[in-house]
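Encoded as structure tokens, the structure appears first; notes follow it.
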Amino acid sequence: VELINQCFLESNEPSVLAFYLCLNAGISPLEAAVLRFENLDFAKREIRIESGAAIVEKKIVPIPISHRSIPMLDCVYNFLHSRYASMRKIGDYIFTNTSLCAESIRTIETSFRRIIKPRLDSSGVYSASLRSTFIRRCIEANMNMESISSLTGMSVKALYRDYSEFIHAD
């Protein structure tokens, strides 16, 4: 995990830095792609997730999802605050400086494949696996499924279905 975080932070490319949140805040890559400046509340130290993204009629569009607030861990707060507190441009996506949803998603995925994947190729790291790593880390820390559900937006039923092999029996 530390090596992955180091790769993200060393790249210093905004579209790659989105994956830092996937690994350390439990949001999905598509949620990171449509995260806007107004979704960050530095005073409350929260990230508000208000939309995701989907492909509809061959177009990538933002979609409403379960609204939730994710508390910012110190590392996430410091990461976001140092890079974005002075750059607020309401309406733009944080990690691509664009107001176009499809462009934001394409930029983020392309950057991951171009910059991060070659450095971590032998470790089997994929953009989609970062959120799973966050969930497994929560399970290993003995967080209850309801708490993990509220952080990730996944249902408790889906968490048990997808991560039952990582849940320790008491």
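We count residues from 1, following the sequence as given.
At a threshold of 4.5 Å between non-hydrogen side-chain atoms, the residues R137 and L23 count as touching. Taking 4.5 Å as the limit, every side-chain heavy atom of I135 sits out of range of all side-chain heavy atoms of D162. Considering only heavy atoms from C-beta on, I70 comes within 4.5 Å of R68 through its side chain. Considering only heavy atoms from C-beta on, R45 stays 4.5 Å or farther from V76 through its side chain. Side-chain atoms of L159 and S149, non-hydrogen and from C-beta on, do get closer than 4.5 Å to each other.
Annotation for M72 and E46: closest pair CE-O, 3.1 Å, computed over non-hydrogen atoms. Here the shortest heavy-atom pairing between R161 and S164 reads O-OG, 4.2 Å.
Taking F134 as the reference, C138, L151, T152 meet the side chain to side chain contact (heavy atoms under 4.5 Å, CB included) condition, with sequence neighbours excluded. For Y160, the side chain to side chain contact (heavy atoms under 4.5 Å, CB included) partners at least two apart in sequence or on another chain are M145, V156, I167. Shown here are the salt bridge (Lys or Arg N to Asp or Glu O under 4.0 Å) partners of R136, two or more places apart in sequence or in another chain: there are none. Under the side chain to side chain donor-acceptor pair (under 3.5 Å) criterion, S147 pairs with N144, sequence neighbours left out. In terms of the ring-ring contact (aromatic ring centres under 6.0 Å, His included) criterion, residue partners of F79 (sequence neighbours excluded) are, by chain and number, Y20.
Of the possible donor and acceptor atoms, one in the side chain of R131 sits under 3.5 Å from a partner among the backbone N and O of G26. Within the 3.5 Å criterion, the main-chain N or O of R48 finds a donor-acceptor partner in the side chain of N39.
The structure places OG of S132 at 9.5 Å from CD1 of I139, a figure rounded to the nearest 0.5 Å. Remark: L21 CG to I47 CD1 distance equals 5.0 Å, nearest 0.5 Å. The distance from the CD1 atom of I27 to the CG atom of L35 is 5.5 Å, given to the nearest 0.5 Å.
In this pair, F166 and Y163 present their aromatic rings tilted. The plane angle is within the 30 to 60° band.
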